[in-house]
Amino acid sequence: MALATEIIGGRLIDGSSFLPTSKMLRNQRVGMVKRNQFLGSPVLVPSQQIRRQEQLKRAVRAPVAAISEDIIKTNNKTTVPEKAVNFKVRAVVTVRNKHKEDLKETIVKQLDSLTDKIGRNVVLELISTDVDPKSKEPRRSKPAALRDWSKKSNLKAERVHYTAEFTVDSNFGVPGAITVINKHQQEFFMESITIEGFACGPVHFPCNSWIQSKKDHPGKRILFSNKPYLPSETPAGLRALREKELRDLRGDGKGVRKLSDRIYDFDVYNDLGNPDKSVNLTRPSLGGKTIPYPRRCRTGRLPMDSDITAESRVEKPLPLYVPRDEQFEESKQNTFSAGRLKAVLHTIIPSLKATISAENHDFSGFSDIDILYKEGLLLKVGLQDEIWKNLPLPKVVTKIQESSEGMLKYDTPKILSRDKFAWLRDDEFARQAVSGVNPVSIESLKVFPPKSNLDPEIYGPQESAFKEEHILGHLNGLSVSQALEENKLFIIDYHDVYLPFLDRINALDGRKAYATRTLFFLTPLGTLKPIAIELSLPPAGPNSRSKRVVTPPMDATSNWVWQLAKAHVCSNDAGVHQLVNHWLRTHASLEPFILAAHRQMSAMHPIFKLLDPHMRYTLEINALARQNLINADGVIESCFTPGRYCMEISAAAYKSSWRFDKEGLPADLIHRGMAVPDPTQPHGLKLLIEDYPYAQDGLLIWSAIENWVRTYVERYYPDSSLVCNDKELQAWYSESINVGHSDLRDADWWPELETTDDLVSVLTTIIWLASAQHAALNFGQYPYGGYVPNRPPLMRRLIPEENDPEYANFQADPQKYYLLALPSLLQATKFMAVVDILSTHSPDEEYIGERQQPSIWSGDAEIIEAFYEFSAEIQQIEKEIERRNADPRLKHRCGAGVLPYELLAPSSGPGVTCRGVPNSVSI
């Protein structure tokens with residue numbers, strides 16, 4: 001059985017149109033393979049063969065072409081020649097077409113088709129892993145052009161397969177690299193290359209890269225085969241190419257980057273403001289001694305005219321630079337564009353509404369919010385058909401209004417799907433602390449009353465205003481000390497996050513906030529209930545009453561006060577969730593590791609191959625965030641309470657509380673006191689709240705990732721000395737810390753990278769953050785936040801005291817006061833449109849346990865097999881999560897009107913699904 005059968009499965013080969021006969025299978029030698037051999041060598045032992053084929057058949061594969069019988073015969077005749085003789089081998093190159101082309105692209109494509117015939121073509125050259133003993137240079141084939149480009153240029157298929165035929169001699173050895181020169185005018189996307197005709201069997205080159213025109217990038221493009229090599233094991237023929245490719249990717253740190261570049265470099269966040277446009281859009285640079293922050297991808301744009309330390313901005317729809325291969329693929333772009341179009345519709349209509357009918361700027365009742373889902377904005381918000389037709393809107397908007405009325409309606413958020421009034425209840429408020437969209441802020445309370453770490457000279461007494469009398473009646477007969485001792489008290493504490501910013505936030509127009517603390521009690525049923533909320537303001541003077549405690553209601557007035565207090569807690573929570581737990585801890589903190597990986601680890605490096613799917617699209621989505629979301633007057637500032645101070649809050653959290661060594665799930669749970677180490681438990685720890693869906697499901701995924709990473713790492717690093725001596729690996733980790741996180745480089749908590757265990761821990765943490773942690777924090781944003789009263793992103797009113805002028809209005813119409821405290825119609829609809837985009841899976845999403853080209857991404861058979869075992873474990877985890885969601889004993893995820901916890905269920909379809917764990921931070 002040929003190696004091609006081994007790789008892609010017998011059924012596919014037998015039915016492939018690329019395989020003219022089965023004679024190739026007979027001509028291949030069947031060999032015996034030791035445990036540690038790679039796919040580049042002959043086949044597995046027969047006992048392993050059947051099992052491997054069954055696993056490999058599960059993959060989704062692109063067709064793999066075989067060589068002609070003549071080529072095989074030629075090759076087989078050159079077994080042990082006395083004198084080197086030439087023979088031919090063939091490359092099958094898979095190129096992915098664009099779905100849509102603009103007019104310019106179409107014209108250039110036709111020109112390329114014509115000029116291809118006269119030598120302005122695509123030329124490939126094979127490079128051996130061996131060095132010629134005479135020239136001391138790598139052995140090379142003769143250059144070969146891709147055939148039939150002009151014939152196939154008009155094919156509408158998604159993938160087009162081209163061939164090239166190389167002449168090599170019998171001493172050539174095994175191909176390890178290919179160089180490509182694109183003499184066309186236009187770039188093209190090379191998905192893969194398969195070389196057929198060598199005795200070792202097919203050699204695969206998973207490329208997944210844009211090949212630029214020679215006129216833009218004169219050098220030869222280098223692509224390596226799928227066989228992984230540690231730096232010290234690099235074959236002689238590939239060493240210089242390995243180093244050259246990394247030098248090219250690092251660049252020289254100078255100049256403005258072109259969109260076609262593939263250069264990875266670091267810079268500070270000095271492009272969020274726009275002082276050239278307005279002094280009100282000035283924002284501080286994030287990153288450096290003054291305001292520490294992770295680094296982002298350098299673009300090299302020219303400085304602002306009014307501030308030479310700030311980088312000039314590129315405003316939408318013009319694209320920001322990220323390395324070419326990091327840009328969204330077409331299906332992802334289409335999803336994002338459609339979502340953005342939806343956002344424009346949902347933003348422009350309330351803007352017009354606010355202009356036409358200013359007195360209806362706020363929601364007058366909860367029914368106004370319901371209309372957004374039931375009937376849409378057009379029907380009830382004042383834009384009747386005749387007004388609509390006379391508005392100067394783009395034709396595309398009118399067309400969508402005519403062809404797809406649903407586009408103008410918001411989907412009903414999942415929080416309303418089972419119980420429309422669940423959000424009002426205390427049990428649901430508490431449940432979302434452990435199974436909502438931000439389940440990572442809750443902590444075990446160890447000291448009562450809790451204390452602040454802020455400077456008392458500036459921020460007043462450190463002690464909380466909570467007293468025993470506030471909570472004694474809610475502890476099921478326990479004293480406070482008993483409740484603490486039995487781990488029954490929990491807290492969400494945003495006091496120190498918000499208090500330093502409150503004076504500035506509350507001075508903003510239409511923004512009002514407290515710094516909140518919320519206490520929860522763990523009931524005998526195993527569920528949480530809120531028992532007290534503390535609302536703090538900066539002290540106005542030495543004797544000012546700056547802290548207020550609100551407890552569960554006893555009458556009508558206290559009920560509305562309690563509802564307002566919960567809304568302020570949710571607003572605090574929404575800000576920390578978005579700015580700290582979501583943006584900082586997944587998006588921003590991972591970018592330095594991704595940049596350093598491309599700069600310091602070759603594509604041949606086994607650890608780069610492991611991390612590759614977990615880095616997909618992250619640089620692009622982070623660049624889009626800098627352009628549209630976290631920039632001055634962007635969506636985040638517009639929609640969240642801290643306004644222009646949003647990113648300063650994010651930076652303050654980075655400086656005071658972000659620690660890479662606490663970012664792994666077990667370490668984080670123990671750090672927050674939500675678990676204690678316990679070697680007798682399955683994951684080595686015991687949860688203090690047994691029914692903690694995020695932690696329960698997360699630990700299953702964490703363990704699966706850790707087992708997979710350990711298998712992978714031990715395959716290449718059987719001895720810890722190999723970790724220490726791996727110069728690329730050490731350079732990656734060093735640069736991630738010393739450059740990418742340079743403001744915290746001197747912290748004593750950075751993990752060492754000296755042993756196999758160290759490497760497993762670091763890699764597991766990075767993969768966890770990119771996949772499951774981001775999914776848990778991201779894809780529930782619209783399902784939970786799309787109904788604004790459930791999680792208001794900003795508040796516009798404080799809670800009136802009895803002696804306040806507004807107190808009479810509050811008592812006269814508490815519902816009106818409550819709605820005036822929530823975001824306005826414009827703010828709410830804008831926020832809803834944005835979180836709808838952020839919660840959306842694209843059709844090309846790649847979920848945990850999946851990989852592009854799953855059977856050939858690595859040339860190591862043992863690793864491919866281990867990956868399929870990892871995939872199978874992920875599928876079992878999904879079934880276990882389904883089982884838990886149907887278990888009536890787990891009341892935080894099962895019960896009347898209770899949403900199941902699916903944010904860590906690994907798979908999902910496209911759209912807003914409130915489930916699915918993609919491999920990477922890609923939205």
Side-chain angles (χ1 to χ4, degrees), residues 426 429-434 436 438-456 458-475 480 483-484 487-503 505-506 512-522 528-539 544-553 558 561-577 579-581 641-642 649 652-653 656-657 671-674 688-689 791-792 795 798-799 801:
D426 286 358
F429 172 76
R431 189 191 73 82
Q432 290 184 34
V434 289
N438 187 35
V440 298
S441 286
I442 190 167
E443 302 173 85
S444 174
L445 185 66
K446 300 302 181 189
V447 177
F448 187 87
K451 294 183 74 172
S452 168
N453 292 316
L454 298 176
D455 184 350
I458 302 173
Y459 300 107
Q462 292 180 314
E463 290 74 21
S464 164
F466 286 134
K467 305 292 183 193
E468 290 200 5
E469 55 264 30
H470 289 134
I471 64 172
L472 265 178
H474 304 283
L475 302 182
V480 173
L484 285 171
N487 296 313
K488 300 291 187 187
L489 289 175
F490 297 85
I491 187 170
I492 294 180
D493 190 343
Y494 294 136
H495 180 276
D496 290 5
V497 176
Y498 279 94
L499 197 66
F501 293 90
L502 280 186
D503 278 333
I505 291 171
N506 288 337
K512 290 292 180 278
Y514 298 99
T516 66
R517 290 185 176 110
T518 308
L519 289 182
F520 299 90
F521 176 67
L522 185 62
L528 288 172
K529 71 173 184 179
I531 56 174
I533 294 170
E534 180 189 72
L535 307 168
S536 296
L537 293 169
S544 68
R545 185 163 171 254
S546 59
K547 291 181 169 69
R548 175 180 182 181
V549 175
V550 179
T551 53
S558 60
V561 170
W562 179 245
Q563 295 297 342
L564 280 164
K566 288 195 297 180
H568 274 283
V569 170
C570 289
S571 176
N572 268 195
D573 190 71
V576 171
H577 163 259
L579 303 170
V580 181
N581 295 335
T641 299
I649 285 180
S656 65
S657 60
H671 181 64
R672 289 189 283 122
M674 298 303 292
L688 297 189
I689 301 176
R791 281 179 67 77
M795 295 293 284
L798 296 175
I799 304 173
E801 304 269 8

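Just so you know, residue 1 is the first one in the sequence shown, and it goes up from there.
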Checklist entry - side-chain hydrogen bond (donor to acceptor under 3.5 Å, both in side chains) with Thr516: which residues, sequence neighbours excluded? => result Asn572
Checklist entry - CG/Leu528 to CG/Leu522 distance, rounded to the nearest 0.5 angstrom? => result 5.5 Å
Checklist entry - Are Tyr514 and His568 close enough that their ring centers fall under 6.0 Å? => result yes
Checklist outcome for this item: Rounded to the nearest 0.5 angstrom, the NE2-OG1 distance for His474 and Thr551 is 5.5 Å
Item to check | Listed partners of Lys467 passing salt bridge (Lys or Arg N to Asp or Glu O under 4.0 Å), at least two apart | outcome: none
Item to check | Residue list, side chain to side chain contact (heavy atoms under 4.5 Å, CB included) with Tyr459, at least two apart or on another chain | outcome: Leu454, Leu499, Pro500
Item to check | Counterpart residues, side-chain hydrogen bond (donor to acceptor under 3.5 Å, both in side chains), relative to Asn438 (two or more places apart) | outcome: Ser441, Tyr494, Asp573, Asn581
Item to check | Qualifying residues under side chain to side chain contact (heavy atoms under 4.5 Å, CB included), relative to Ala567, sequence neighbours excluded | outcome: Pro792, Met795, Tyr818
Next on the checklist: Looking at every heavy atom in both Ser464 and Pro449, which two are closest together, and how far apart are they?
Outcome noted: CB-CB, 4.1 Å
Checklist entry - What residues, two or more places apart in sequence or in another chain, satisfy ring-ring contact (aromatic ring centres under 6.0 Å, His included) together with His495? => result none
Checklist entry - Who passes salt bridge (Lys or Arg N to Asp or Glu O under 4.0 Å) against Lys488, sequence neighbours left out? => result none
Checklist outcome for this item: Value for CZ (Phe520) from CG (Leu489), rounded to nearest 0.5 Å, stands at 11.5 Å
Checklist entry - Who are the salt bridge (Lys or Arg N to Asp or Glu O under 4.0 Å) partners of Asp503, not counting sequence neighbours? => result none
Item to check | Leu502 to Ala513 - nearest heavy-atom pair and separation | outcome: CD2-O, 3.5 Å
Checklist outcome for this item: Across all chains, not counting sequence neighbours, the side-chain hydrogen bond (donor to acceptor under 3.5 Å, both in side chains) partners of Ser558 are Asp555
Checklist entry - Asn506: what forms a side-chain hydrogen bond (donor to acceptor under 3.5 Å, both in side chains) with it, not counting sequence neighbours? => result none
Checklist entry - Which heavy-atom pair separates Phe429 from Val569 by the least distance, and what is that distance? => result CZ-CG1, 3.7 Å
Checklist outcome for this item: Distance col, row Gln462:CD vs Asp455:CG, nearest 0.5 angstrom, shows 8.0 Å
Checklist outcome for this item: For Ala565, the side chain to side chain contact (heavy atoms under 4.5 Å, CB included) test, sequence neighbours excluded, returns Ile533, Leu535, Val550, Ile799
Checklist outcome for this item: Output for pair (Arg548 CZ, Ser536 OG), nearest 0.5 Å, gives 12.0 Å
Checklist outcome for this item: salt bridge (Lys or Arg N to Asp or Glu O under 4.0 Å) filter on Arg431, not counting sequence neighbours, yields Glu428
